[in-house]
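Please read the structure below before turning to the comments.
Reminder, nothing fancy here: chain letters follow the sequence lines and each chain counts from 1.
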Amino acid sequence: MEYQITLITIVSISVMAALSLNLITGFCGQISLGHAAFYGAGAYTSAMLTTTGIPFTASLVAAAGIAGFLGLIVGFASLRVRHDFLAITTMGVGFLFVGIIRQQDVLGGEMGIFGIPDPGFGKIGYMFFCLILAGITAAFSLYLKRTWMGYSFDAIADDEDTAKMIGIDVSRYKLAAFAMGTAIAGIAGGLYAHEVKYIGPDSFGFIESVTMLAIVVIGGIGSVPGVIVAAIALTMLPQWLQIIADYKLLLYGGLLFGFMRFSPGGLAALTRKLMSVRTANVEFEEVPGGRTPER
Amino acid sequence: MLFFELTVQGLVQGSIYALIAVGLTLVYGLLRVLHVAHAGLFTLGGYIGVIVTNATGSLLLATLTAMVTVGFLGIIIYRLCYHPILDKPPFVALIASIGLFIAMEEIFRLMFGPYGLSYDAPPLMETVSIAGMNLKYAEVVVMAGTATLIGGLAFLAEKTRLGAAWRATVTDPEMAGSFGIDIIRVRYLNFFIGSALAAAAGVLVALLNNLVEPTMGSVASYKALAIIVLGGLGDVRGTLIASLVLGIIESFGTIYLGAILDRDAIAFAFLILVLMVRPRGMFAKA
């Protein structure tokens, strides 16, 4: 039973992290290859605070604040650089984060932070705490999709220049997407740190960023149910089947490539195609930023 | 004296970056695809170089084998992986490429083992003294080899009919096509050359470190991406300069900034700094 509880906790945290990236990449169309940095910033913030005796919930608020603040800064970068340039810049942010953490003795350097105190909810209590937060994130994502802000995100993802032309304040919405997405990632990071009780620079590297992006893309970029299903599946599969755990990266790589090659809309588009609710060309429009490249 | 030594070390490292990044920027210039899996080809080049050298004893033969094999593999990757998804949004090819790269690294690990391979008798390890500095022959070979290969590439692009067709296709594919240039073949050529250069870089890195391992492409790959972005995506001359500049900045940065940032973070700090001032690369026209 202990094992299942841990599994559900970890899965809820992944769902939350994936949904937070989905806000930025899925809803607002801003590709981020460095999301693990914000997840990591949250984890480090809350772990540093609780080890000095500050209550767990307060540390989560601080984690959201710090990660969101860093996200806002990167959001400003997204106002300057676009598309492929943004993808590489965010990737750079990820490497910069890990590179700085490694050299800071205050943050444990290469060794990381050990002995992160227990949040004090008990195993089952913590599982429910994480589940509820993941649920709130999902509900918030679904709600956001139906608000004015959600529609503006959609417009920006589809065509930034046109969105600007019809009077959408593109900069403000992009910053909002980055701030919200990274703040939620920060909370997820804090939850992760207090579940595994140990964090180090390697917990938040490029592979983690790619894994999060893989979940969003495989689920179907922008689709809340798709991302949730992908997060659950990709987190649980390696736990269930030992053989997959050994070839986890090969599986991620293969899945990422396979989905992009054969179904760029991810699971969401695949399901739609199988249910044949919509025609194939409508499915293509669902991909944010969809455009024919100039060549 | 330290100044010169750091500069030369930077140039050696920068030459390697240049060989990798030129292939990437060629692909970007032609197809607008960030070809992350390029670094997988670089790693494979290193493996072939070490294996063939150990089998035959000839480094030159090994380099040529690696370049030709990996060049053809580059064409296959284009045909099977990128060609079918070129009409999709740009992030599709980028993510497919990341997926392919991760899978390639894992395949290398499974095929060649996790601990890497070394030369049985590492070639070119003797040192030579130039202007009071002791350099390994390998380092001289890296710089000379890069200059030769890039020079050859420049000759091909500027002085031959093939090069003219190539440049025409980069500038305006449709117009080039209507003048009877076979665009698909130009793309094959592009991938062949880019991948062959990456393979050469792989062999040279294997020479410098006397080690090839499954993950040796990772850092190279991300840094090469940073470099082509710095150089202005698709701009070969800008990429060359950016490679050398980054090599030198890293070699000085490791000494003077090592306490705050590790070597790999320096590259990205520089990248972010430049992009904030010049969002389309160092040499973009305003």
Side-chain angles (χ1 to χ4, degrees), chain A residues 25 29 31 33-34 74 76-77 79-89 91-104 201 205-207 210 213-214 217-218 221 247-262 264 284 287-295, chain B residues 28 30-34 37 80-81 84-107 109-110 173-174 183 218-219 222-223 225-226 228-229 233 257-272 275-281:
Chain A
T25 303
I31 285 283
L33 284 175
V74 176
F76 275 108
L79 306 181
R80 293 281 288 162
V81 294
R82 279 194 192 183
H83 302 305
D84 296 335
F85 286 91
L86 180 64
I88 304 303
T89 308
M91 185 180 90
V93 170
F95 279 96
L96 203 54
F97 173 76
V98 176
I100 292 173
I101 294 286
R102 271 189 207 292
Q103 306 290 340
Q104 305 309 312
F206 184 62
I207 291 296
V210 171
L213 191 62
V217 165
I218 289 170
I221 201 155
Y247 299 102
K248 188 175 152 200
L249 284 177
L250 190 61
L251 179 80
Y252 277 151
L255 277 178
L256 264 184
F257 175 72
F259 266 100
M260 286 302 98
R261 171 71 175 74
F262 298 107
F284 179 56
V287 182
R291 67 178 170 95
T292 319
E294 310 123 31
R295 69 171 67 90
Chain B
Y28 191 88
L30 195 61
L31 299 178
R32 303 273 171 259
V33 167
L34 285 170
L80 295 183
C81 305
I85 50 176
L86 283 178
D87 57 344
K88 301 284 193 301
F91 79 86
V92 172
L94 172 65
I95 296 170
S97 192
I98 295 177
L100 186 63
F101 174 56
I102 295 174
M104 277 169 96
E105 279 194 340
E106 284 299 290
I107 292 169
R109 190 171 63 87
L110 296 176
E174 275 175 33
I183 296 178
S218 306
V219 172
Y222 314 135
K223 259 188 221 163
L225 287 174
I228 68 169
V229 169
L233 286 167
L257 294 172
I260 326 166
L261 291 170
D262 68 357
R263 186 183 177 98
D264 301 332
I266 290 171
F268 288 102
F270 181 59
L271 167 81
I272 293 170
L275 281 186
M276 288 307 105
V277 186
R278 302 189 67 97
R280 300 193 64 82

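Annotation: maximal heavy-atom pairing with chain B below 4.5 Å, among Phe206(A), Phe259(A), Phe262(A), occurs at Phe206(A). Per-residue heavy-atom pair counts under 4.5 Å with chain A were compared for Leu80(B), Ile95(B), Leu271(B), and the maximum is reached by Ile95(B). Considering only heavy-atom pairs separated by less than 4.5 Å from chain B, the leading option among Ile101(A), Leu256(A), Ile100(A) is Leu256(A).
Of the inter-residue distances, the one linking Ile218(A) atom CD1 with Leu255(A) atom CG reads 4.5 Å to the nearest 0.5 angstrom. Met260(A) CE to Leu100(B) CG: the interatomic distance, rounded to the nearest 0.5 Å, is 13.5 Å. Atom CE of Met91(A) sits about 4.5 Å away from atom CG of Leu225(B), to the nearest 0.5 Å. Here the straight-line distance linking atom CD of Glu105(B) with atom OG of Ser218(B) works out to 3.5 Å at 0.5 Å rounding.
Of the atoms belonging to Leu33(A), it is side-chain heavy atoms, and not backbone ones, that fall under 4.5 Å from chain B. Of the two parts of Leu79(A), neither the backbone nor the side chain holds a non-hydrogen atom closer than 4.5 Å to a non-hydrogen atom of chain B. Heavy atoms of Arg102(A) lying under 4.5 Å from chain B belong exclusively to its side chain. Contacts between Val98(A) and chain B at a heavy-atom distance below 4.5 Å are absent for every atom of the residue. Residue Tyr28(B) touches chain A through its side chain alone, counting heavy-atom pairs closer than 4.5 Å. Proximity to chain A (any heavy atom under 4.5 Å) is restricted, for Leu94(B), to the side chain, taken from C-beta onward.
Side-chain atoms of Ile85(B) and Val33(B), non-hydrogen and from C-beta on, never get closer than 4.5 Å to each other. At least one side-chain heavy atom of Leu96(A) sits under 4.5 Å from a side-chain heavy atom of Ile272(B).
When every heavy atom of Cys81(B) is checked against every heavy atom of Phe257(A), the shortest pair comes out as SG-CZ, 3.4 Å.
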